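Below: one structure, written as structure tokens.
If you're wondering where the values come from, they're calculated on a predicted model, not measured in any experiment.
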Amino acid sequence: NERALLPTQKQGWLIMKKLISILITLSFILASCSSDEPEDLTDSGESAGSDSSAADEAPEAFDYGGEDFRIGVNIRDGALNSIYLVDTESETAETYNDALYARNRNIEEVYNLNIVSVNNTVEAFLTSIMAGSDDYEAFQLEYLSTNMNRCISDQMVYDLKTLGVDLSSEWYDHNANSQIELEGKLYCLFSDMTLGLYDSSICLAFNKGLMNEYVGEDPYELVKNGEWTVDKFNEMMTDVTLDLNGDSVMDSLDQWGSVSGATTANALYIGFGGKFSSVENGNYVMDIIAKPNADYLDKIFDVMYNKSNFQITETMRLGGSDTDVWQASSRIFDEGRMLFRSSMIQDVRSKRAIEEDFGLLPYPKFDISQDKYYTYPHMSVWQPNAMVIPVTESEPEQVMRVLDAITYYSSKTTIPAYYDNVLTGKTIRDDDSAEMLDVIFENIVLDFGLFYNIGEILTLLPNMAKSENRDYISQIETRRNTIQA
């Protein structure tokens, strides 16, 4: 998979990948405009620069009978969230939009179907299933920690592993899907069709000016050399925090090492390689209480409760005319008064117009003995989106075949457009940050306990952080009793 390339393989690859994505997208757009005959998507994919086995890998085309293929999408507002769309009405000369348009129009011709985006709320989708209504072939489900539990317990969706499609294909996210299987069953699917897992991934944005002025060390090299650790992260923040207006009150008008949300606690814990939970022999295990995880917790508290370096957004003191902690936190970074900001990739995309130069880093390791960097996808706000098929669908095998085709061609069109145009083309400001994206996306962790929010564990560390509570043993025991009950 191209997103898992090692850093030593990157030289020249970024440029080549951009060229390939442009050719792929262009070939689809031209094909959709230049012929009245159905386009052979397999040939277009291969001619765009894919390897010679691409034709053999492509799902077999079949006739869907000219029917509507209705995909439910949770209602979202704003152009920033356009990557969550499953269809678009027209070409706009915007790369991602046009790749999506071309993909869908060609698939509609080849498979003889009409892709219909049904924009609705998740609650409306669940209500439709409970009523037995045939309103959707599939749904792009969000707020997974809440909704997947309901879907499974009320038997609302199919086990996707039973529907006749090979889910080992490279256009599915095996790392994510393997982490959320429940007793060998897979009720929702992460793939190249659903980009929310990437967009909700949490990284560290850093201000290059402050890094040069106060630190004088290259964080990119630390990442590449395996030396980007939490102690280095904490050390870098030490000299940056300043009372800029000299009023002896540290608030939103001053300069900080970091102002980040309480969810930073989850991101650090996962970044250290910590497990909140696991499943052993069918039994749920609370890994968070075992060593070395306790060491991870102590380190997290040391970092986040150190007011000379770090300010938790939810508890930040506001100064001047500021009235909203989240807007103030964002503005502090935009104005060059913050060294590090914990950010979802979606947030990073919103920073493309700011004047301050910034870069991206993965979350740090616990120490240099850790072999990988790990990424936490935000599970409590704009969560990852995954595809489900409702039990009200009478031909789930056919639906799964169509989704397989859409996913395959997404890997050739919308994935390159998202990665090379939306991210590296419009948002990322240097090749090093583009390389960091690969590190960030390579090991995304969907901890089983967090994903299904067992025992309300999703909010365990964030709630402790907001109250600067270190007594995790009592907090964990409370949740253990909930689980056992």
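A donor-acceptor contact closer than 3.5 angstrom is absent between the side chains of Asn74 and Thr121. Checked by atom type, the side-chain pair Ser278/Asp287 shows a donor-acceptor distance below 3.5 Å. Lys351 and Ser343 are not linked by any side-chain donor-acceptor pair at a separation below 3.5 angstrom, with hydrogens and angles left out of the test. Side-chain polar atoms of Ser433 and Asp430 form a donor-acceptor pair below 3.5 angstrom. Under the 3.5 Å distance criterion, with hydrogens and angles disregarded, no donor-acceptor pair is assigned to the side chains of Asn385 and Glu142. In summary, the side chains of Asn119 and Ser117 do present a donor paired with an acceptor at a separation below 3.5 Å, with no hydrogens or angles considered. Checked by atom type, the side-chain pair Thr407/Asp192 shows no donor-acceptor distance below 3.5 Å. Side-chain atoms of Ser342 and Tyr363 form a donor-acceptor pair, as typed in the model, at a separation below 3.5 Å. Judged by distance alone, the side chains of Ser329 and Arg341 do bring a donor and an acceptor atom under 3.5 Å apart. Side-chain atoms of Tyr172 and Asp404 include a donor-acceptor pair closer than 3.5 Å. One side chain, Asn97 or Thr92, offers a donor N or O that lies under 3.5 Å from an acceptor on the other.
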(request) In sequence, state the C-alpha distance, the side-chain angles, and the governing distance for Tyr220 and Phe206, and then conclude on ring pair (Phe, Tyr, Trp, His ring centres under 6.0 Å). (result) CA-CA 11 Å; Tyr220 295 134; Phe206 72 94; 5.5 Å; yes
(message) Let's go through Tyr111 and Tyr64 carefully: what are the C-alpha distance in whole Å and the side-chain angles of both, what is the deciding distance for ring pair (Phe, Tyr, Trp, His ring centres under 6.0 Å) to 0.1 Å, and is it a yes or a no?
(response) CA-CA 6 Å; Tyr111 291 85; Tyr64 197 71; 9.0 Å; no
(request) Decide salt bridge (charged side-chain N to carboxylate O under 4.0 Å, His left out) for Asp432 and Lys224; before the verdict, give the C-alpha distance in whole Å, the side-chain angles of both, and the deciding distance to 0.1 Å. (result) CA-CA 10 Å; Asp432 284 316; Lys224 296 173 187 178; 2.8 Å; yes
(request) Begin with the C-alpha distance, continue with both residues' side-chain angles, and end with the deciding distance and a verdict on side-chain hydrogen bond (donor to acceptor under 3.5 Å, both in side chains) for Asn106 and Tyr409. (result) CA-CA 10 Å; Asn106 278 279; Tyr409 292 111; over 6 Å; no
(message) I'd like to know whether Asp135 forms a side-chain hydrogen bond (donor to acceptor under 3.5 Å, both in side chains) with Ser128, so could you lay out the CA-CA distance, the side-chain angles of the two residues, the decisive distance to 0.1 Å, and finally the verdict.
(response) CA-CA 7 Å; Asp135 298 324; Ser128 169; 2.6 Å; yes
(request) For side-chain hydrogen bond (donor to acceptor under 3.5 Å, both in side chains), just list the numbers for Asp447 and Ser277, CA-CA rounded to whole Å, side-chain angles, deciding distance to a tenth of an Å, and then say yes or no. (result) CA-CA 7 Å; Asp447 185 282; Ser277 62; 2.8 Å; yes
(request) Begin from the C-alpha positions of Arg150 and Glu123 and carry the test salt bridge (charged side-chain N to carboxylate O under 4.0 Å, His left out) through to its verdict. (result) CA-CA 11 Å; Arg150 182 177 174 187; Glu123 187 58 38; 3.3 Å; yes
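To the nearest 0.5 angstrom, Cys203 atom SG is 14.5 Å from Tyr373 atom OH. Annotation: the span from Ile270 atom CD1 to Ile444 atom CD1 amounts to 12.0 Å, rounded to 0.5 Å. How far CZ of Phe358 is from NZ of Lys208: 9.0 Å, rounded to the nearest 0.5 Å. Atoms CZ and CG, from Phe190 and Asn177 in turn, are 7.0 Å apart once rounded to the nearest 0.5 Å.
In this structure, the ring of Phe139 has its center less than 6.0 angstrom from the ring center of Tyr136.
Heavy-atom contacts from other residues, nucleotides or ligands closer than 6.0 Å to CD1 of Ile368 number 12 or fewer.
Here Asp134 pairs with Arg70 in a salt bridge; the nearest charged N to carboxylate O distance falls below 4.0 Å. Ion pairing between Lys161 and Glu181 holds under the 4.0 Å rule for side-chain N and carboxylate O.
The ring pair (Phe, Tyr, Trp, His ring centres under 6.0 Å) test with Phe272 singles out one residue from Tyr374, Phe366, Phe233, and that residue is Phe366. Screening Thr95, Asp199, Thr413 against Tyr418 for a side chain to side chain donor-acceptor pair (under 3.5 Å) leaves a single residue, Asp199.
Tyr101 carries Arg105 over the face of its six-membered ring, with the cationic atom under 6.0 Å from the centre and within 45° of the normal.
Without hydrogens or angle criteria, Asn453 side chain to Leu458 main chain gives a donor-acceptor distance under 3.5 Å.
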